[in-house]
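Input: a single structure, listed below in structure tokens.
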Amino acid sequence: MAKESLKKLEERLWDAANSLRANSGLTVHQYSQPVLGLIFLRFAEFKFEHADNELKNTKKTGASLVRERKIGPEEYQAKGIMYIPEIARFSYLLNLKEGVNIGKAINDAMKEIEEYNPNLKSVLPKTYNKLENHILIGLLKTFSEIPMDVEGDVFGKIYEYFLSSFAMAEGQGGGEFFTPTSLVKLIVEILEPYQGKVYDPACGSGGMFVQSAEFVKKHKNSTQNIISIYGQEKSEISADLCKMNLAVHGLEGQIKQGNTFYEDLHESVGQFDFVMANPPFNVSGVDKEKVREDKRYRLGIPTVDNANYLWIEHFYESLNKNGRAGFVMANSASDARGTELEIRKKLIESGVVDVMVAIGGNFFYTVTLSCTLWFFDKGKINSNRKDKILFIDARNIYRQIDRAHREFTPEQIDQIANIVRAYRGESGAGKYEDVKGLCKVATLQEVAEAGYSLNPGRYVGTEVIEESEEDFQEKVKNLSNDLENLFKESAVLEKKIKENLKKIL
């Protein structure tokens with residue numbers, strides 16, 4: 001299917017589904033999971049029918065005729081395909097007679113799929129009874145228009161399109177489960193997860209895993225036994241979305257629900273070849289006493305009420321001796337002071353900080369805030385890059401989607417990733433050279449002289465861009481935290497001075 005026709009199909013399906021929502025009285029949040037569940041059903045039947053035809057057409061050894069036979073669920077599952085009982089098939093639901101309770105029928109279909117596919121147990125949405133019959137009939141007809149005779153991952157792309165559209169429609173809440181695809185693709189292209197264990201402790205709807213698998217397919221033509229997926233997510237809804245998203249793309253993984261700050265459900269320390277994440281920025285209210293003895297935070301516990309560096313430490317500690325990490329982080333973390341500076345100094349001096357990429361604003365669907373991509377490489381300490389860090393300022397690289405949103409084109413992703421490949425000395429990438437205003441390789445000594453800042457703008461020679469309102473507010477918040485800590489330290493010193501004076505007198 002041509003890219004343009006796929007885009008038109010995506011938009012047509014979204015417009016139809018969204019108009020049905022507008023007539024239902026439901027919020028986007030109430031509507032998103034049932035809709036994604038129906039796309040999932042359509043996809044599941046497509047994969048099932050393809051496997052069903054293959055199995056039915058299997059020839060008996062020595063025979064020349066196709067033999068019809070009863071095929072058990074285990075035979076589909078052996079091919080990596082979900083077994084779909086008849087009453088759970090999209091076509092069965094689409095052709096139900098008028099007057100049938102469609103909501104109950106779809107709920108029953110979801111239960112049947114979970115019964116035969118334990119990896120989806122308690123994952124699929126079963127709230128279809130909350131939608132009126134005419135809405136469900138409209139949705140079934142809408143998604144029946146997804147063509148079946150196409151090559152490539154059309155279902156996966158449509159599912160991804162709906163995820164991103166729901167994220168935009170939901171506003172602030174939507175950003176919790178979806179990271180813009182072009183940012184994810186850039187992280188994956190720089191990390192190069194050819195094989196191994198991939199971990200995302202803030203996995204949302206699983207975009208990092210999907211793009212890692214796409215990267216492997218692109219370079220290896222298969223994901224079979226090449227990457228293993230491990231994720232953790234605080235929100236049950238997002239964890240379920242992740243499992244559904246993996247299933248839509250023909251993937252499986254160990255996705256667990258839990259608060260990553262307090263629960264290390266994958267026993268992550270030193271375990272993973274690749275860590276990639278887009279954690280929630282500037283989280284406050286973490287109970288420091290609960291994490292004080294946790295091995296993941298042994299570089300230090302930040303005194304500020306901000307969890308950015310807890311995430312950063314967790315990503316670092318989760319890597320094995322040659323592991324790589326790539327993650328999205330608030331700009332403020334690159335220059336944070338106090339205890340955060342001390343943690344950053346340890347990371348820099350250990351030699352694991354590899355690449356820093358500044359990203360402009362308006363890439364996210366829910367906030368205009370700009371961000372920075374951080375990349376660690378523990379294997380780097382045994383290379384000629386051990387005392388170097390590559391800084392890239394990509395704030396002026398983007399394609400404007402609409403007035404409020406931007407993305408990277410595939411060519412721009414390749415352009416940025418190729419700078420990193422050249423810096424690493426990879427074959428075919430050409431010779432690396434510093435380019436004023438774009439990229440600069442700095443030594444650890446230069447970084448130390450710059451106060452251990454990891455802000456790319458300090459090194460590549462670009463002009464300081466005027467801060468947005470969000471950047472300004474974030475800086476004020478950090479300064480306020482610093483000031484509060486100074487007040488606390490001052491109070492302690494004042495108390496000690498008074499005690500010492502009493503002893504002297």
Side-chain angles (χ1 to χ4, degrees), residues 179 183 187 190-191 198-204 208 231-232 234 259-264 266 268-288 290-292 294-320 323-359 369-378 380-381 389-391 444 447 451-456 474-475 477-478 481-482:
T179 305
L183 279 186
I187 291 172
I190 291 175
L191 275 190
V198 180
Y199 176 49
D200 183 348
C203 63
M208 299 287 182
Q232 187 165 326
K234 179 181 177 181
N259 188 324
T260 302
F261 292 130
Y262 310 126
E263 302 170 273
D264 187 14
H266 291 289
S268 62
V269 176
Q271 290 297 310
F272 296 101
D273 299 288
F274 300 97
V275 174
M276 51 186 78
N278 173 28
F281 299 167
N282 308 316
V283 174
S284 61
V286 175
D287 188 337
K288 303 291 177 63
K290 282 187 178 181
V291 303
R292 199 164 296 282
D294 195 312
K295 291 184 292 185
R296 295 174 294 163
Y297 313 121
R298 53 191 166 189
L299 292 183
I301 304 295
T303 57
V304 295
D305 190 14
N306 183 314
N308 288 341
Y309 270 79
L310 292 179
W311 284 117
I312 292 170
E313 287 185 73
H314 179 48
F315 303 148
Y316 165 74
E317 294 290 357
S318 298
L319 296 174
N320 60 29
R324 288 178 177 176
F327 52 92
V328 188
M329 186 49 60
N331 284 340
S332 57
S334 302
D335 287 307
R337 300 179 182 180
T339 50
E340 293 171 308
L341 169 59
E342 293 306 310
I343 295 169
R344 186 168 71 252
K345 183 177 177 181
K346 291 175 186 176
L347 288 168
I348 292 168
E349 292 181 341
S350 74
V352 302
V353 181
D354 193 26
V355 182
M356 300 291 297
V357 184
I359 305 294
L369 206 62
S370 54
C371 65
T372 306
L373 305 186
W374 294 45
F375 295 90
F376 294 160
D377 186 350
K378 283 195 174 180
K380 164 178 172 276
I381 60 177
I389 299 174
L390 170 63
F391 292 94
L444 297 192
V447 175
Y452 292 95
S453 168
L454 289 177
N455 185 338
E474 184 58 39
K475 184 168 286 187
K477 181 180 177 181
N478 289 330
N481 285 333
D482 289 343

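Residue numbers start at 1 and run along the sequence shown.
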Test of understanding: with ring pair (Phe, Tyr, Trp, His ring centres under 6.0 Å), list the residues that count as partners of [X], not counting sequence neighbours.
| X | answer |
| --- | --- |
| Tyr309 | none |
| Phe272 | Tyr199, Tyr230 |
| Phe281 | none |

When rounded to the nearest 0.5 angstrom, what is the spacing between [atom1] in [X] and [atom2] in [Y]?
| X | Y | atom1 | atom2 | answer |
| --- | --- | --- | --- | --- |
| Asp200 | Gln232 | CG | CD | 10.0 Å |
| Met276 | Ile190 | CE | CD1 | 11.0 Å |
| Glu313 | Asn308 | CD | CG | 11.5 Å |
| Asp264 | Lys295 | CG | NZ | 8.5 Å |
| Lys380 | Phe375 | NZ | CZ | 14.0 Å |
| Leu454 | Thr372 | CG | OG1 | 9.0 Å |

Worksheet item: Can you name the side-chain hydrogen bond (donor to acceptor under 3.5 Å, both in side chains) partners of Ser350, sequence neighbours left out?
Response: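 Testing Ser350 for side-chain hydrogen bond (donor to acceptor under 3.5 Å, both in side chains), a comparison that skips the adjacent residues, returns none.
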Please examine the side chains of [Y] and [X], heavy atoms only from C-beta on, and report whether any two atoms are closer than 4.5 Å.
| X | Y | value |
| --- | --- | --- |
| Val357 | Val355 | yes |
| Met208 | Asn278 | yes |
| Met356 | Trp374 | yes |
| Asp354 | Phe376 | no |
| Ser284 | Asn306 | no |
| Ile359 | Leu373 | yes |
| Gln271 | Asn320 | no |
| Tyr262 | Val286 | yes |

With sequence neighbours left out, what residues match [X] under side chain to side chain contact (heavy atoms under 4.5 Å, CB included)?
| X | answer |
| --- | --- |
| Asn455 | Ser334, Asp335, Ser453, Arg458 |
| Glu349 | Lys345, Tyr452 |
| Lys346 | Leu299 |
| Lys234 | Asn259 |

Worksheet item: Taking only residues at least two apart or on different chains, which pairs with a member in residues 324-334 satisfy salt bridge (Lys or Arg N to Asp or Glu O under 4.0 Å)?
Response: Glu192-Arg324, Arg324-Asp377
Discussion item. Atom NZ of residue position Lys288 - does it have more than 12 heavy atoms of other residues, nucleotides or ligands inside 6.0 Å?
Written reply: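 Atom NZ in Lys288 is packed in, count exceeds 12.
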What are the two closest heavy atoms between [X] and [Y], and how far apart are they?
| X | Y | result |
| --- | --- | --- |
| Ala202 | Pro280 | CB-CD, 4.5 Å |
| Cys371 | Asn331 | C-OD1, 2.9 Å |
| Gly300 | Pro302 | O-CD, 3.7 Å |
| Phe261 | Tyr297 | O-OH, 3.1 Å |
| Phe391 | Pro456 | CD2-CA, 3.7 Å |
| Thr260 | Pro201 | OG1-O, 2.7 Å |

Item to complete: Taking salt bridge (Lys or Arg N to Asp or Glu O under 4.0 Å) as the test, write out the residues that go with Arg344, two or more places apart.
Response: none
Discussion item. Taking salt bridge (Lys or Arg N to Asp or Glu O under 4.0 Å) as the definition, give me every residue that meets it alongside Asp273, ordered by chain and number, with sequence neighbours left out.
Written reply: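 Partners of Asp273 by the salt bridge (Lys or Arg N to Asp or Glu O under 4.0 Å) criterion come out as none, since no residue qualifies.
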Worksheet item: For the side chain of Thr339 and the backbone of Thr303, is there at least one donor-acceptor N/O pair under 3.5 Å apart?
Response: yes
Worksheet item: Hey, is Glu317 close enough to Arg298 for a salt bridge, meaning N to O under 4.0 Å?
Response: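 The answer is yes: the pair qualifies as a salt bridge.
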Fill in: side chain to side chain contact (heavy atoms under 4.5 Å, CB included) assessment of Ser268 paired with His314
CA-CA 8 Å; Ser268 62; His314 179 48; 3.1 Å; yes
Worksheet item: How are the rings of Phe327 and Phe315 set to each other: parallel, tilted or perpendicular (split at 30° and 60°)?
Response: tilted
Worksheet entry | Test: Lys378 cationic atom under 6.0 Å from Tyr316 six-membered ring centre, within 45° of axis | yes
